[in-house]
Structure formats: C-alpha cells, structure tokens
Amino acid sequence: QVQLVESGGGLVQAGGSLRLSCAASGRTFSRDALAWFRQAPGKDREFAATINWSTGSTYYADSVKGRFTISRDNAKKTVYLQMNTLKPDDTAVYYCAARPNPPWGRYLYNSRDYDLWGQGTQVTVSS
C-alpha cells in the first residue's frame, strides 16, 4: 500500500519548536517532490515547504522561511519538517504530500500538483 504517514504534531507554546515526520512507503520516492502543506480552520490549504528527493533542493513559503527546515532521510524514507520559533498563526493541520517525477527546474507549491497525501497531524501553538 502506497502511503504517507505524518507524526510529531502537538501543542507547543509560542517560540517553541516541533519536528514533524512523514514516513513514505509502498513504492520508491527517489524521484518525487515531497512537500508540507498546512490548513487552518476556515482557511484554504497553504503551501509551507518542498524538497526534491533526489537532489535535496528545497523551497519555502515566505511565511515560514528562516523558521522551518525541510529535510529527508533516504534510508528511512522519511521527510521531516523542523519548525522553530513557532507562532500562533502556525496553528493548523499539517499534511505531507508527494508528486512523482516533478517538472525539472520547478518547485511545486500548488496542492493540485500533488497526488498522494497523508492524513495530517495537528499542530497547535498557544500564545
């Protein structure tokens, strides 16, 4: 079964840190783009960060740049999102997504470009 499984969400105070994990299984992801999106109550799903699995190149939304870091562990087939200096506005359900064979030289930040999604993990930042 091809799937993405997120973990690591929780409740944290403003200024704190969390690390989210996304475990990929069921096929090879070595030529995928992996991304983290988030969705707050009443809002659209929003792009946060993406990584090209084969090259390791990354791209971030302005809202998280300098605070969040996306990375991957090839041996564990896991993508991480290290979130530092968290703010109440970061409160959302965070989703991991995958897209095989992304167009070369482009970063994909539209949710419609991804065809495999995890179930999401809740992150709540208290003020």
Side-chain angles (χ1 to χ4, degrees):
Q1 183 181 3
V2 180
Q3 62 180 356
L4 302 172
V5 179
E6 302 99 330
S7 61
L11 173 64
V12 64
Q13 288 187 333
S17 299
L18 280 175
R19 189 178 79 158
L20 306 183
S21 299
C22 171
S25 62
R27 64 169 173 83
T28 180
F29 288 83
S30 61
R31 295 180 179 175
D32 278 52
L34 275 291
W36 287 96
F37 287 78
R38 63 187 185 181
Q39 189 165 19
K43 295 188 176 180
D44 292 336
R45 193 163 295 189
E46 174 190 35
F47 167 79
T50 186
I51 185 167
N52 184 296
W53 197 292
S54 62
T55 67
S57 61
T58 59
Y59 179 75
Y60 298 90
D62 287 343
S63 58
V64 307
K65 194 176 299 181
R67 299 188 299 122
F68 291 10
T69 302
I70 189 171
S71 62
R72 88 275 194 235
D73 184 321
N74 290 331
K76 296 182 178 180
K77 293 182 69 175
T78 299
V79 174
Y80 302 99
L81 187 68
Q82 177 66 44
M83 306 185 296
N84 298 328
T85 319
L86 283 161
K87 307 174 182 178
D89 284 349
D90 295 318
T91 295
V93 177
Y94 283 70
Y95 297 92
C96 180
R99 155 70 184 267
N101 300 312
W104 185 85
R106 281 182 55 198
Y107 292 110
L108 303 178
Y109 48 85
N110 191 314
S111 61
R112 293 189 295 270
D113 290 322
Y114 293 84
D115 55 11
L116 179 66
W117 291 83
Q119 83 288 350
T121 185
Q122 176 71 47
V123 172
T124 303
V125 184
S126 64
S127 57

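The chain is numbered in sequence order, starting from 1. Quick caveat: nothing in here was measured; it's all calculated off a predicted structure.
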Any side-chain heavy atom of [X] within less than 4.5 Å of one from [Y]?
X: Met83; Y: Val12; result: no
X: Arg67; Y: Tyr60; result: no
X: Cys22; Y: Tyr80; result: no

Check whether any side-chain N or O of [X] sits under 3.5 Å from a backbone N or O of [Y] as a donor-acceptor pair, and report yes or no.
X: Gln3; Y: Ser25; value: no
X: Lys77; Y: Arg27; value: yes
X: Glu46; Y: Arg38; value: no

Assign the ring pair Tyr94 / Phe68 to parallel, tilted or perpendicular, where the plane angle (0 to 90°) is split at 30° and 60°.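 Geometry flag for Phe68 against Tyr94: tilted rings.
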For Ala23 and Thr78, work out which heavy atoms get closest and say how close.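 Closest approach of Ala23 to Thr78: CA-OG1, 4.0 Å.
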Do you know which two heavy atoms are closest between Leu116 and Leu4, and how far apart they sit?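 Nearest pair, atom of Leu116 first, then Leu4: O-CD1, 3.5 Å.
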Can a salt bridge be assigned to the pair Lys87 and Asp90 using a cut-off of 4.0 Å between side-chain N and carboxylate O?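 Judged by the 4.0 Å cut-off on N to carboxylate O distance, Lys87 and Asp90 do not form a salt bridge.
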Salt bridge present between Asp89 and Lys43 (N-O < 4.0 angstrom):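 No.
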List for me each residue that meets side chain to side chain contact (heavy atoms under 4.5 Å, CB included) alongside Tyr107, sequence neighbours excluded, and say none if there are none.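 Once residues adjacent in sequence are excluded, the partners of Tyr107 under the side chain to side chain contact (heavy atoms under 4.5 Å, CB included) criterion are Thr50, Ser57, Tyr59.
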